[in-house]
Colleague: 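Take a look at the following structure, please.
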Amino acid sequence: MSEIKIGEILLAQKLITSEQLQEALEKQKSLTPPPLLGKILVRLGYVQEPALQQILDRYEKRRSFSEVLLAHNYLTREDLDVALEMSGNELLPLDRVLLNLDFITEETLARAIATFADLPFAHLDNSKSNVKTGLANAIMAYSPAPHMMVPVSIEGRTITIAMNHPLPQQKQEKMESLIKLKVLPVIAPEKEIAAARQRFSILPGNGNVEEAGPNLPENIVTMLADEFDEPAAEPEEQLVTESDSFLVKLVNKIIYDACQLKASDIHIEPYPGKKEIIVRMRIDGKCSIYQRLPSKYKYAIPSRIKIMAELDISERRKPQDGKINFKKFGPLDVELRVATMPTVGQLEDVVIRVLNIGDAMRFDQLGLTLHNRTAFEAAIQKPYGLVLVVGPTGSGKTTTLHSAIALINKSKLKIWTAEDPVEITQEGLRQVQINTKIGLTFAVALRSFLRLDPDVIMVGEMRDNETASIAVEASLTGHLVFSTLHTNSAPETVTRLLEMGLDPYSFSDSLLCILAQRLAASLCDHCREKYQPSEEEIDELITEYGVDAFASTGIRRENITLTRPIGCDQCHNTGYKGRIGIHEILECSDGIKSLIKKKAETGLIRDLAIAEGMTTLKQDGILKVLQGLTDIHEIRRVCIR
């Protein structure tokens, strides 16, 4: 570094006068720690920042971070030499090495960085910020590594942002352009920044998602920035259009975040007037608010999604449905199903189903009890017959069917599947995507399969009498047929199919078993807590299970221990993480066949199935409660009886 001082250089270049230099030097002496002379001259308005930066570069007058550490006694020369050597050997940043070696605390490091960058140092308290949650999350998502940022407060058109490292001038200017606010940076300790970021969480834990990938820029920032724009004079409908670049990025970001958070559905809910749009996501079976968006986007967002799904954007009066191959628009290869519904105020709700295309789950991961697993496995090993998996939408029926097929998927068997959509792929399966627009329905596919010499057939869903009848016929002619149905329980499935017009004799002869299932949130493995329940709790459990049935389980009440949710970082402080299956299996015994032929009522079929050993959905759920996998509140939520 040149020995000539920066003040002398500026004087020689006639950028300042001697009086201005003297004033800056006196101000520098009065401040602790003393800031850089050049920065004081800029603040006083005597030198422009670009001119100062040019002089610093030309004369190599920039002070290194190491010099700052020594000059202000943040570190000894011996410790600095050790840290510099380790930083070079291990290719780690100097500040990381200093923290790892405990040569410096986080607060001291932050003060040193503030001094080096000539920025204010700040402690962050736990008081509530006046920054909107949406804007805060957008700014935090924008943070380019290694920068960690959190907004502190807004005053007028200026926003104070705490950060662990100063942003380069270009990036700060870009952020100011995006959010339409002047950024006042301050340096704060990393732990305090991390704690402040948690307070802005939207979803349980933190709504942020890590780097969105090279093809997905910081789009939500762009959208939220316009909350601070001046009101436009034109009609609300014309404020934004579906082709605006920031809107394209916003929709991509919402979908990307849903995939990262493992959401099954995205709900876009616009409201009349100036009310905010609510975006919700269903994660582990439960909806939670992901983001609130300005009302000006209530027409443009549904239109953008309809364009992606190749739907008619001019039609807002009737429901539409379609699909999106997100690989065309964003960094993820994922398929989406889109459904729109007109609502009051000439608005449209949009629901996007995220299809988790992947490999089949292992059969032993389904969570079947020993009794249910034995019965179900025996049915799928049969050479022919009908196996049904039933339950509401999103209860994991397709996952269970593919796990069962994976168990018997051998080269000696020819297996055809008709699905809508094809979510799970397996080597060895011949899979067909249903397309009703061209007439390729389940019934058409199933009828065609019978001419292709199959051993095993899977039909995604029995939606009508034609499909169900062909499936029964196929199972009676030497084929093992798998299918699903939307019913509440295994016994109700029999009644439902008979009401659809199936021949009771053919149906009873073909049916092997019916597996009904639900998905309940499982307790987080990291924070769940065992406890000794009260006598009242035990009595309630036994009553709900059935006193006589519980006695036959062999479980002694004095040995009962329950588990409850607590909440931790791993589960976003909800106490639950992932889901488990709850099942009931109806085996088609001779007694059940006789009742089917008589078109008996559901109650009679249920009573006989229970007498023959069927465990109901709620009973199976209570057994999983006793195993510590979930709690009774979850079982009551997903099981009626």
Side-chain angles (χ1 to χ4, degrees), residues 131-139 141 178-180 202-203 207 216-259 261 263 265-282 287-324 326 329-330 336-354:
V131 182
K132 286 186 178 181
T133 304
L135 177 62
N137 277 270
I139 290 172
L178 290 172
I179 64 176
K180 308 298 190 293
I202 294 176
L203 290 166
L216 194 64
E218 58 283 351
N219 28 54
I220 285 187
V221 178
T222 310
M223 190 285 302
L224 291 170
D226 290 321
E227 284 187 295
F228 296 92
D229 284 348
E230 296 300 321
E234 58 263 42
E236 190 176 59
E237 294 92 325
Q238 305 302 320
L239 286 175
V240 288
T241 66
E242 60 275 357
S243 60
D244 288 343
S245 61
F246 60 83
L247 187 69
V248 172
K249 297 174 184 177
L250 165 66
V251 172
N252 286 359
K253 178 64 173 173
I254 291 172
I255 294 170
Y256 180 89
D257 285 2
C259 295
L261 293 164
D265 301 271
I266 307 167
H267 298 257
I268 313 290
E269 302 169 354
Y271 291 88
K274 297 294 182 181
K275 291 183 180 179
E276 293 177 314
I277 304 164
I278 294 178
V279 181
R280 296 196 289 167
M281 292 185 183
R282 187 179 297 279
C287 273
S288 55
I289 294 177
Y290 158 77
Q291 189 62 273
R292 297 177 186 271
L293 308 178
S295 63
K296 66 168 78 174
Y297 300 94
K298 61 188 177 185
Y299 297 105
I301 288 178
S303 293
R304 172 58 192 167
I305 296 171
K306 287 162 74 175
I307 287 173
M308 296 169 71
E310 299 181 358
L311 301 178
D312 183 0
I313 64 171
S314 64
E315 180 56 76
R316 293 181 181 171
R317 299 167 301 171
K318 63 182 182 181
Q320 298 185 65
D321 61 87
K323 59 184 178 181
I324 298 172
F326 189 57
F329 307 97
L336 311 168
R337 288 302 168 103
V338 176
T340 69
M341 176 61 70
T343 54
V344 293
Q346 296 183 333
L347 299 172
E348 286 180 291
D349 270 34
V350 181
V351 177
I352 303 174
R353 165 65 59 89
V354 182

Colleague: Are any non-hydrogen side-chain atoms of Arg282 and Cys287 less than 4.5 angstrom apart?
Modeller: yes
Colleague: Just do the side-chain contact (heavy atoms from CB on, under 4.5 Å) check on Asp349 and His267 with the steps written out, would you?
Modeller: CA-CA 7 Å; Asp349 270 34; His267 298 257; over 6 Å; no
Colleague: Is Leu250 close to Ile301 at the side-chain level, that is, under 4.5 Å between some pair of heavy atoms?
Modeller: yes
Colleague: Mind checking the CD-CD spacing from Gln291 to Glu276? Nearest 0.5 Å is all I need.
Modeller: 9.0 Å
Colleague: Side chains of Pro319 and Met341: does their closest heavy-atom pair fall under 4.5 Å?
Modeller: yes
Colleague: Compare every heavy atom of Gln320 with every heavy atom of Glu315, then report the nearest pair and how far apart it is.
Modeller: O-NE2, 3.1 Å
Colleague: Which atoms form the tightest heavy-atom contact between Tyr271 and Lys275, and what is the distance?
Modeller: CB-CB, 3.7 Å
Colleague: Any chance you could measure Asp265, atom CG, to Arg353, atom CZ, to the nearest 0.5 Å?
Modeller: 4.0 Å
Colleague: Looking at every heavy atom in both Ala263 and Met281, which two are closest together, and how far apart are they?
Modeller: CB-CB, 4.0 Å
Colleague: Are the side chains of Lys274 and Ser295 in contact, using a 4.5 Å heavy-atom criterion?
Modeller: yes
Colleague: Step by step, work out the side-chain contact (heavy atoms from CB on, under 4.5 Å) result for Val354 and Leu336.
Modeller: CA-CA 5 Å; Val354 182; Leu336 311 168; 4.1 Å; yes
Colleague: Tell me if the CD atom of Gln346 is crowded by more than 12 foreign heavy atoms within 6.0 Å.
Modeller: no
Colleague: On a heavy-atom basis, which atom in Ile313 and which in Ser303 lie closest, and how many Å separate them?
Modeller: CG2-O, 3.6 Å
Colleague: Where do Ile307 and Val251 land on the side-chain contact (heavy atoms from CB on, under 4.5 Å) test, with the steps shown first?
Modeller: CA-CA 12 Å; Ile307 287 173; Val251 172; over 6 Å; no
Colleague: For the side chain of Lys298 and the backbone of Gly273, is there at least one donor-acceptor N/O pair under 3.5 Å apart?
Modeller: yes
Colleague: Kindly give the heavy-atom pair with the smallest separation between Ile277 and Tyr297, and that separation in Å.
Modeller: CD1-C, 3.4 Å
Colleague: Give, for atom CZ of Arg317 and atom CD of Glu348, the distance between the pair rounded to the nearest 0.5 Å.
Modeller: 11.0 Å
Colleague: If I compare all heavy atoms of Pro272 with all of Leu347, which pair ends up nearest, and what's the gap?
Modeller: N-CD1, 3.5 Å
Colleague: Quick one, Asn252 and Met308 - any side-chain contact, counting heavy atoms below 4.5 Å?
Modeller: yes
Colleague: Tell me, do Ile305 and Ile324 make a side-chain contact under 4.5 Å, heavy atoms counted?
Modeller: yes
Colleague: Indicate yes or no: at least one non-hydrogen side-chain atom of Ile352 is less than 4.5 angstrom from one of Val350.
Modeller: yes
Colleague: Would you check if Tyr290 and Ile278 make a side-chain contact, meaning some heavy-atom pair closer than 4.5 Å?
Modeller: no
